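Accompanying notes for the structure given below.
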Amino acid sequence: MKVMNRRLAKQGLLAFLLLFAMQAGARERVCFDSDWLFCLADSAQMASVNYNDAKWRKLDLPHDWAIEGDFMPSNPSGAGGGALPGGVGWYRKHFTVDKADKYFIEFDGVYMNAAVYINGHLLGKRPYGYSSFEYDLTPFLNWGGDNVMAVRVDNSDQPNSRWYSGCGIYRHVWLTAKANLHVAHWGVQVKTKVNGEVTVNVEIVDENHSGVKPVIRHTVTDASGKVVATAKGNAVNAKLKVRKPILWSVDNPYVYQVRTEVLVNGKTVDEYVTTTGFRSFLFDPQKGFSLNGKSMKLNGVCEHHDLGCLGAAFVEDAMHRKLQILKNMGVNAIRCSHNPPAPQLLNMCDTMGLIVMDESFDMWRRRKTQNDYARFFDEWHERDLADLVKRDRNHPSILMWSIGNEVLEQWSSAEADTLTLEQANLILNAGHDASTLAKEGELSVNSLLTRHLAEIVRKYDDTRPITAGCNEPNPNNHLFKSGAIDIIGFNYHHQWVKDVPKNFPGKPFIFSESVSALQTRGFYMMPSDSVYVAPVEWWLPYSDPSMKCSAYDNMHASWSSTHEETWDVVKHNDFVGGQFIWTGFDYIGEPTPYSFPARSSYFGIIDLAGFPKDTYYLYQSEWTDQPVLHLFPHWNWLEGQTIDMWCYYNQADEVELFINGKSQGVRRKADSHQYHVMWRVVFEPGEVKVVARQNGKEVRQQVIRTAGPPHHIRLTADRNVMDADGKSLAFVTVEILDKDGNLCPNAENQVFFDVKGNASIAGVDNGCQTSMERFKADNRKAFFGKCLVVLRAGKQTGSVTLTAKAVDLKTDKITLNVK
Ligand code: GAL
């Protein structure tokens, strides 16, 4: 296939073509992200070939126009949607292609209401902003001449989401050339057994009705590329056997590949590569979850799709960083809440060893926000759900499907249609009386709908159980009553868990969602042994002039719990398969318990910039084998102030605290239900030190010193080298330090960045939920001593120097290599 954009074609850069020229005959798939034109405006003319787009902005996808905007209370998404703009935008791309039998364009995701045109012809519309979809371009292409693809993206009807959605073609786009005889879109299904059996089902499309019966050849290779099984024949179903397969697990995420070739007269006319793995898993009603026969807890987190200051625009490096930070905390499972994720996230989970709950919808027929997917559900749910399963069913990491999150169909009538977004969010988490639940012996419409959705999933994949995030724990919940839910999934309601074996006999159980504690990194509310519930009841407003939440694990919403409370239930009940904590990272939107100017969430264990809050170390101490000793908070208070010092630790029998050398006492966790220790002390400047001992011997210590005034900046990049591909990122932590190198825990200096060389600033952040500063900027205020700058590599090689300056502070500089 030869594809090029018009500009390059005119310049005659033939060498560039070679990048795209791939093996002739078989399918050729190229990334179609570069050199698009964009305009944030709307006119029907923008679809037409002759439309003058000369003044449009040039950009590469993935792109999210909302993240470039300003936070405004008047933006119709509201604080719940991140208070960033919506609207209608158009994308156009000019390109030429060589003749081929078929060309398909595939979008990983467009938020939302995508209308795709080629050379003025409407190919189709796709309302759901999280679905992947493809169109056949062939009948409308000009071979060798100019072609214009135009995409109208309409995110103007707001609010339509309970969190930040982003706007635009925010995931990758692919162009694929195929022969007339080819494997259908997502047309390969690979099933494996731990004994090495592999079953491959292939759906072949014969566009010309040629009647040719191709030979289908499958080749299984292991991770080193060695061929471990082959099969060849005319049947669309094949069985292969891999001898002694290496099993996929979270510790050893070993994957295989199945190459499926379609052969006509010995020539490969199409080929399709599928990643697979061998693993067995069980959700047991008594014993909980096991993988490959080994009992373990799903130590999971829920994640929305945004990537902090980069918005919804998908970038591999940003998602990879996110997953690495989570893995390092001990997370072994991700719930893609509450919608289909980027396909690349699933690839990463396959190879990084993260178990996935793949979720379809946040609502069915009954809406939660004025303009959400409920308005498309009747027409589109079947297609969207089937496509999700077909797209994702081969990933070894996915171990369950979720057909919905807290859908209002759990009850007969929840009257949510007339509620505001805030009310709907709150009512979702409140109790409902028995009259709204299923009646004995009756299969309600809502239960039938549950069955219908489960049947769609099972039609395309019968190898994984189905769950749903349910915040109605009563067994008469219409979803449970349908009998179609394989794994009972509670959202919250940890107090009800003891009754699960009685209420749901013979059914496995997980927390599909849990905790929803509220925290601002670096902010502490004392006394720390009081629990602050915000709001106290779901219908009451909550306000606090700080607009912050406490980073001791002592603050949560009325429907939720502290981290320790839910973990204790999970840890000490064998039948609980695990949990998916709300949430791993803070996300844009849903700033419970506040409203504007709060515009991003407080729920994360890690802030929006990717800086861990203290609870990160609670989980690390419980979920990993890494030695942990984490003392907090900082040591900059008023002289004489009473301060609660907490410590998370493991692999030690006791910890002792010293202030300026004076012991404040030894603490030991009383039993396996205790997760932190505390000292109530009186502050005096100097140093606070914690010493951990095992068998009487010191094994670790941590010292925090009172920081003096801000003196200099320290830049620390998470890598030294970036690829010269225009996409690679480096995440640079910016810290404000005193003259001795101590972090100034209250510093708020405005830091200004300058980049010299072949990179640019992709975004800046500091994790502050109420900051009105733009995410796309060359400066950022520090928040509790820190901020973040994200660099994006250009397409040329060379070195890049980032300089950070602030008034009265010593400058810092770092140099990275773009290769
Ligand atoms: C749940 C809901 C999540 C989020 C969370 C906040 O009820 O499923 O999407 O809104 O509450 O606590």
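Nothing here was measured: the structure is a model prediction, and the numbers come from that model. Each ligand, and each atom within it, is numbered from 1 in the order the structure gives.
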Centroid separation under 6.0 Å, is that true for the rings of [Y] and [X]?
X	Y	value
Y594	Y542	yes
Y587	W582	yes
H381	Y128	no

Which of the atoms in ligand 1, numbered in the order shown and given with their element, are less than 4.0 Å from a heavy-atom of [X]?
X	answer
H338	3 (C), 8 (O), 9 (O)
N491	8 (O)
E406	1 (C), 2 (C), 7 (O), 8 (O)

If you measure every N/O of [X] against every N/O of ligand 1, is any gap under 3.5 Å?
X	answer
H304	no
Y587	no
S516	yes

Does N503 use its side chain to pair, donor to acceptor, with the backbone of V500 at less than 3.5 Å?
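Checked: no pair found.
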Consider ligand 1: state whether an atom of it lies below 4.0 angstrom from any non-hydrogen atom of Y492.
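Contact check Y492 vs ligand 1: positive.
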List for me each residue that meets side-chain contact (heavy atoms from CB on, under 4.5 Å) alongside S550, sequence neighbours excluded, and say none if there are none.
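For S550 the side-chain contact (heavy atoms from CB on, under 4.5 Å) partners, ignoring immediate neighbours, are M525, Y552, N554, M555.
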So, are D362 and R367 salt-bridged, with charged N and O less than 4.0 Å apart?
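R367 and D362: not salt-bridged.
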Report the part of [X] in contact with ligand 1, treating N, CA, C, O as backbone and CB onward as side chain, heavy atoms under 4.0 Å; options are side chain, backbone, both, neither.
X	result
W559	side chain
T592	neither
D362	neither

Between W646 and S528, do the side chains contain a donor N or O and an acceptor N or O under 3.5 Å apart?
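Yes - a donor-acceptor pair under 3.5 Å links their side chains.
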Answer with yes or no whether the side chains of H563 and Y619 bring together a donor and an acceptor at under 3.5 Å.
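Short answer, yes.
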Who gets closest to atom 3 (C) of ligand 1 by heavy atom: E590, E513, K368?
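That would be E513.
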